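What follows is a single structure, written as structure tokens, with notes after it.
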Protein chains: 2
Amino acid sequence: MTSAPKTQLTALELVALGLVQQPAHAYELFQHFSPDLPLGMIWHLKQSHLYALLARLEQLGYLAATVEPQGARPPRRVLRLTDAGRATLEAWLAAPVAHGRDMRQEFLAKLYFAAQRGPEAARALVARQEAATREWRADMQAQLDNAAQPYSRLVLRYRLGQIDAILTWLAECAATLV
Amino acid sequence: MTSAPKTQLTALELVALGLVQQPAHAYELFQHFSPDLPLGMIWHLKQSHLYALLARLEQLGYLAATVEPQGARPPRRVLRLTDAGRATLEAWLAAPVAHGRDMRQEFLAKLYFAAQRGPEAARALVARQEAATREWRADMQAQLDNAAQPYSRLVLRYRLGQIDAILTWLAECAATLV
DNA sequence: ACGGCTTTACTCATCGTATGAGTATTCAGC
DNA sequence: GCTGAATACTCATACGATGAGTAAAGCCGT
């Protein structure tokens, strides 16, 4: 009995889809994660990790490969988005992240791709994220108002502080992306 | 050829060691991760996850088990810290976390155990973390001063904002733990 | 008092991701 | 002409996490 195919991709898998918007081979994609490049600031991964991840995306039908022989050098497997891949990518890019903990990698990556498409796309993403984050804030504040134990209050205050810092930063972003 | 035993425990494994300061069986430890209890606010795990993790710690020599039969009910495997386990735990509890991303779970857990030992222990941990965090801040500021690309600056500004929120919160903590 | 549900307590096979290590060729520099 | 880096990909394995299962005991209603 074959197991059900997984439905939800990890953030890193979605980032990979984002990179394949321009068809490319795995080795080329890997360069994007060099520490001095934007995505390399955010994510560190090993070569074999990326290859495995791309193979998975291919097998799931989000990517398709065509082998391009090139004279002597080892042939390249050029990857490109399938329709399913593109649809999944667009849905991901349009949505804000769901948790504060997803800001530091996932949101920054979304913003990277959005910014590539121009300032309007980036501003739209920032605005949507701002709305979502304000909801977290209200939720968190409510929880804090109901929390009695000192330790719980400490934890909730920590989270509230992080959320407020996110809101400040998002406002700054919106202002920067004129 | 037996592979080298792993040296660095994960944060969750260290949290488990913290819980076993009072000898206890796995099922009992699992209750601590109920969503309404302090550690449950911070970490969510499945029962089988905890059992697997404890077995690992036992096999690595950080925990030792003694089976306690109890009349009819299934016998309990009561776990307690070995000397190695206690030493590792103490070292962990004494040290601040190394990255901002480790605050939300690992540091909050350390603080939980430190607070159990009394306000002085908690204050000491907070003070050490404050010192470490101020170093991150200086580092980050320096990177920001050297960063030219707008996207890099955005990323660094995000991190700086989070770090500042941490510092504010730590100061608040210090004030609360009178 | 008895049928069913929850709690206690632990086991185990399996999955899926991540990692290290390896392969083989080409190119650039000295 | 040699060495070392870069190009390009493969593969077995390790390890953490998960679902599902076991099995007896306690509790609750009727």
Side-chain angles (χ1 to χ4, degrees), chain A residues 1-16 19-20 23-37 43-60 62-63 65-79 105, chain B residues 1-17 19-20 23-37 43-60 62-63 65-79 105-106:
Chain A
M1 189 171 213
T2 36
S3 56
K6 84 165 176 179
T7 50
Q8 190 45 47
L9 300 183
T10 67
L12 190 52
E13 286 166 340
L14 289 156
V15 169
L19 284 173
V20 187
H25 57 283
Y27 186 82
E28 199 182 346
L29 295 176
F30 182 63
Q31 326 269 321
H32 284 87
F33 293 96
S34 155
D36 50 320
L37 293 181
W43 250 293
H44 305 284
L45 42 73
K46 308 290 168 78
Q47 205 186 25
S48 48
H49 185 182
L50 182 61
Y51 273 87
L53 177 160
L54 291 168
R56 197 154 67 230
L57 288 172
E58 202 184 328
Q59 205 221 297
L60 289 169
Y62 295 103
L63 296 179
T66 54
V67 177
E68 282 188 13
Q70 26 164 26
R73 274 144 292 170
R76 293 169 168 174
R77 284 176 51 82
V78 174
L79 301 164
Q105 294 193 295
Chain B
M1 188 174 214
T2 36
S3 56
K6 86 166 174 177
T7 49
Q8 189 45 46
L9 300 183
T10 67
L12 190 52
E13 286 166 340
L14 289 156
V15 169
L17 292 187
L19 284 174
V20 186
H25 57 282
Y27 186 82
E28 198 180 346
L29 295 175
F30 182 62
Q31 326 268 321
H32 284 87
F33 294 96
S34 157
D36 49 319
L37 293 181
W43 249 295
H44 305 284
L45 42 74
K46 309 289 168 78
Q47 203 186 28
S48 48
H49 185 183
L50 182 60
Y51 272 87
L53 178 161
L54 291 168
R56 200 154 63 232
L57 288 172
E58 203 184 326
Q59 206 220 297
L60 289 169
Y62 296 103
L63 296 180
T66 53
V67 177
E68 281 188 14
Q70 24 162 31
R73 276 143 291 171
R76 293 169 167 173
R77 284 176 51 84
V78 174
L79 301 165
Q105 293 193 297
E106 190 173 349

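A, B, ... follow the sequence lines: proteins, then strands. Residue 1 opens every chain. Just so it is clear, the model here is predicted, and its values are computed rather than measured.
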### Message
Could you walk me through whether B/Leu29 and B/Leu79 satisfy the side chain to side chain contact (heavy atoms under 4.5 Å, CB included) test, starting with their C-alpha distance in whole Å, then the side-chain angles of each, then the deciding distance to 0.1 Å, before giving a yes or no?
### Response
CA-CA 10 Å; B/Leu29 295 175; B/Leu79 301 165; 4.3 Å; yes
### Message
Would you compute the distance between atom OH of B/Tyr51 and atom NZ of B/Lys46 and round it to the nearest 0.5 angstrom?
### Response
16.0 Å
What pairs of nitrogen or oxygen atoms, one from the protein and one from nucleotides 6-9 of chain C, lie under 3.5 Å apart?
from: C/dT8; atom 1: OP2; to: B/Tyr27; atom 2: OH; distance (Å): 2.8
from: C/dA9; atom 1: OP1; to: B/Gln70; atom 2: NE2; distance (Å): 3.1
from: C/dA9; atom 1: OP1; to: B/Arg76; atom 2: NE; distance (Å): 2.7
from: C/dA9; atom 1: OP1; to: B/Arg76; atom 2: NH2; distance (Å): 2.7
from: C/dA9; atom 1: OP2; to: B/His25; atom 2: NE2; distance (Å): 3.1
from: C/dA9; atom 1: OP2; to: B/Arg76; atom 2: NH2; distance (Å): 3.2

Separation of [X] atom [atom1] from [N] atom [atom2], in whole Å?
{"X": "B/His44", "N": "D/dG16", "atom1": "NE2", "atom2": "P", "value": "21 Å"}
{"X": "B/Phe33", "N": "D/dT18", "atom1": "CZ", "atom2": "P", "value": "13 Å"}
{"X": "A/His49", "N": "D/dT10", "atom1": "NE2", "atom2": "C1'", "value": "16 Å"}
{"X": "A/Glu58", "N": "C/dT17", "atom1": "CD", "atom2": "P", "value": "15 Å"}
{"X": "B/Leu79", "N": "C/dC10", "atom1": "CG", "atom2": "C1'", "value": "12 Å"}
{"X": "B/Leu53", "N": "C/dC10", "atom1": "CG", "atom2": "P", "value": "15 Å"}
{"X": "B/Leu12", "N": "D/dC15", "atom1": "CG", "atom2": "P", "value": "17 Å"}
{"X": "A/Trp43", "N": "C/dT17", "atom1": "CH2", "atom2": "C1'", "value": "15 Å"}

### Task
May I ask you to test the B/Leu54-B/Phe30 pair for a side-chain heavy-atom distance under 4.5 Å?
no
### Sub-4.5 Å side-chain heavy-atom contact between B/Arg77 and B/Glu58
yes
### Query
OP1 or OP2 of C/dT17 sitting under 4.0 Å from any side-chain N/O of A/Lys6?
yes
### Query
Under 4.0 Å between a side-chain N/O of B/Arg56 and OP1 or OP2 of D/dC15, yes or no?
no
### Message
Pair A/Trp43, A/Leu50 - check side chain to side chain contact (heavy atoms under 4.5 Å, CB included), show working.
### Response
CA-CA 11 Å; A/Trp43 250 293; A/Leu50 182 61; over 6 Å; no
Could you pull out every donor-acceptor pair under 3.5 Å between side chains of residues 4-14 of chain A and any protein atom, sequence neighbours left out?
from: A/Lys6; atom 1: NZ; to: A/Glu13; atom 2: OE1; distance (Å): 3.1
from: A/Lys6; atom 1: NZ; to: A/Glu13; atom 2: OE2; distance (Å): 3.0
from: A/Thr10; atom 1: OG1; to: A/Glu13; atom 2: N; distance (Å): 3.2
from: A/Thr10; atom 1: OG1; to: A/Glu13; atom 2: OE1; distance (Å): 3.4
from: A/Glu13; atom 1: OE1; to: A/Thr10; atom 2: N; distance (Å): 2.8
from: A/Glu13; atom 1: OE2; to: A/Arg56; atom 2: NE; distance (Å): 2.7
from: A/Glu13; atom 1: OE2; to: A/Arg56; atom 2: NH2; distance (Å): 2.9

### Query
Excluding sequence neighbours, so at least two apart, what forms side-chain hydrogen bond (donor to acceptor under 3.5 Å, both in side chains) with A/Gln47?
none
### Task
For A/Thr10 and for A/Lys46, find the nucleotide of DNA chain C with the closest heavy atom, then tell me which residue's nucleotide is more 5'.
A/Thr10
